[in-house]
Amino acid sequence: MHDFQYHQNELYCEEVPINKIADKVGTPFYLYSNHTLENHFKVFDSAFNGIDHLTCFSVKANSNLTVLKIFVNLGGGVDIVSGGELFRALNSGVDPSKVVFSGVGKGIKELEYALEAGILMFNVESTQELTTINQVAQRIGRKAKIALRVNPHIDPQTHPYISTGLKKNKFGIEINQALEDYREAKKLKHIEIVGVDCHIGSQITELQPFVETLRKVKELVLTLRQEAIEIQYVDLGGGLGITYHQEQPPHPREYASALIKEMQDINCTLILEPGRVIAGNAGILVTKVLYLKKGTEKTFVTVDAAMNDLIRPSLYGAFQGIQPIVKTEGEEMVADIVGPICESGDFLAKERTIPCLKPGDLIAVMSAGAYGFTMSSNYNSRPRVPEVLAREKEFYVIRERESYEDLIRGEMIPEFLNK
Ligand SMILES: *Cc1c(COP(=O)(O)O)cnc(C)c1O
């Protein structure tokens, strides 16, 4: 459940009429519900209360400082994939000992930064990375705690761009190769093996792929123990899906109870890295209708938000629900909802049945709280839109709208061109 609901035909976020926010901040803007974010985190996290666990929110899903702070205040950790995300996370006040660092291409500076900060562990993607981490750790006089990210060859049945656990994917170490690599890791003086990690993909709507993955990981943990390689943490990554349209993903409680069952006999702390399932339905993108164009074949509704603001429809052909901010009784139409960007791929919805709209009407693009703002760009020199948090009767701008000045910050024209 989320907190975007109609009262007398007008869409509210918690107790704030969304129209009121639009009047104040202009359009487009991202809007998150404090209550939904808190509630989703609590429901997910408490579902694992039966076992030792740590919920590390995946920063790439939504990296706003305020959003991270909400989870930090609830005792959460974070999963990061870059030095920039570590910087954000530390600025949100996260305890470094609750930070896990994933990602296929960690640079030397990023490794140093994370080692200095004293993070919980690095999820290592290759033996070369292991060697590099060992060298960096030696140079700065630290020991790096690591898990190897294994690739379990499980098909998560999701979009190919967000599927990561197959042999053909770039992620992780083949699970059959892992034992060998753990033996190598054990020889490295500045490496401390603490875990096994995996992450099979995103927007997964079945339990079976997770359970099969955990079984394979468990088998590996037991094999490692026979070689006196002690594993403290099993990190199962993120990936639990949400309802964008008609998907029926398992509830976090079902997900948790299936995983808890598998964790009984191995005495490890379970780490989870949820992103989408917590933030996805806690946010929307609010945009205004600019123009209507009735072609012979199609009707286009041009709005002031575009693919640079929300790229999921363009990138993955993803479905995002469209809802009017003010519901009207009356006719419906079938239309494409498109943005102002000079690309045919710039759309937010295709052939959607929606109420008849007119210029000036506001619409909500639903389920935009994860991989929304974080994937936005300045393409077509469009300043990035503000992010707003609603809490009960109040709302707070938690990232201001970018200005034209922001667009050219850091750019300079070399002297030889200044004639
Ligand atoms: C993207 C990602 C996540 C989060 O995935 P969701 O589908 O948003 O839960 C977790 N872990 C890793 C390593 C990731 O790359």
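Remember, it's 1-based here, ligands and their atoms both numbered in the order they're listed. Just so we're clear, the structure is a prediction, and the values are computed from it rather than from any experiment. Positions are given from 1 along the sequence.
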Check E273 against ligand 1 and report side chain, backbone, both or neither, counting heavy atoms closer than 4.0 Å. both

side-chain hydrogen bond (donor to acceptor under 3.5 Å, both in side chains) evaluation trace for R399 with N64: CA-CA 8 Å; R399 189 180 203 275; N64 186 284; over 6 Å; no

Just distance, no hydrogens or angles: give the donor-acceptor pairs under 3.5 Å from side chains in residues 230-240, sequence neighbours left out.
| from | atom 1 | to | atom 2 | distance (Å) |
| --- | --- | --- | --- | --- |
| E230 | OE1 | R225 | NE | 3.2 |
| D235 | OD1 | G237 | N | 2.8 |
| D235 | OD2 | N123 | ND2 | 3.2 |

Is it the case that atom NZ in K143 sees more than 12 heavy atoms from other parts of the structure closer than 6.0 Å? yes

Using the ring centroid of each side chain, check whether F319 and Y244 are separated by less than 6.0 Å. no

Electrostatic pair R215:E212 at N-O distance under 4.0 angstrom: no

Who pairs with F87 by ring pair (Phe, Tyr, Trp, His ring centres under 6.0 Å), at least two apart in sequence or on another chain? none

For G275, the ligand 1 atoms with a heavy-atom partner under 4.0 Å come out as 6 (P), 8 (O), 9 (O)

Which of the numbered atoms in ligand 1 are below 4.0 angstrom from a heavy atom of G238? 9 (O), 10 (C), 11 (N)

Starting from atom 7 (O) of ligand 1, find the nearest protein heavy-atom neighbour and note its residue, name and distance. S202 OG, 2.3 Å

Between E125 and R149 (salt bridge meaning N to carboxylate O under 4.0 Å), is one present in this structure? yes

If you have a sec, work out which protein heavy atom is nearest atom 1 (C) of ligand 1 and how many Å separate them, to one decimal? K60 NZ, 1.3 Å

Does the residue A370 have a heavy-atom contact with ligand 1, meaning some pair of atoms that are separated by less than 4.0 Å? no

Heavy-atom contacts under 4.0 Å between I204 and ligand 1: side chain, backbone, both, or neither? neither

Can you name the atoms of ligand 1, numbered from 1 with element, that are less than 4.0 Å from a heavy atom of P274? 9 (O)

Any atoms of ligand 1 less than 4.0 Å from a non-hydrogen atom of D79? List them with their elements. 10 (C), 11 (N), 12 (C), 13 (C)

Kindly indicate whether a cation-pi arrangement holds for K106 with F122, taking the cut-offs as under 6.0 Å to the six-membered ring centre and within 45° of the axis. no

Ligand 1 N/O within reach of V81 N/O, cut-off under 3.5 Å: no

Hey, does V277 sit under 4.0 Å from ligand 1 if you only count heavy atoms? no

Looking at R276, which atoms of ligand 1 are within less than 4.0 Å of one of its heavy atoms? 6 (P), 8 (O), 9 (O)

Using 30° and 60° as the class boundaries, would you call the ring planes of Y255 and F44 parallel, tilted or perpendicular? tilted

With backbone taken as N, CA, C and O and side chain as the heavy atoms from C-beta onward, which portion of S102 lies under 4.0 Å from ligand 1: side chain, backbone, both, or neither? side chain

Looking only at heavy atoms of Y371, does any of them come nearer than 4.0 Å to an atom of ligand 1? yes

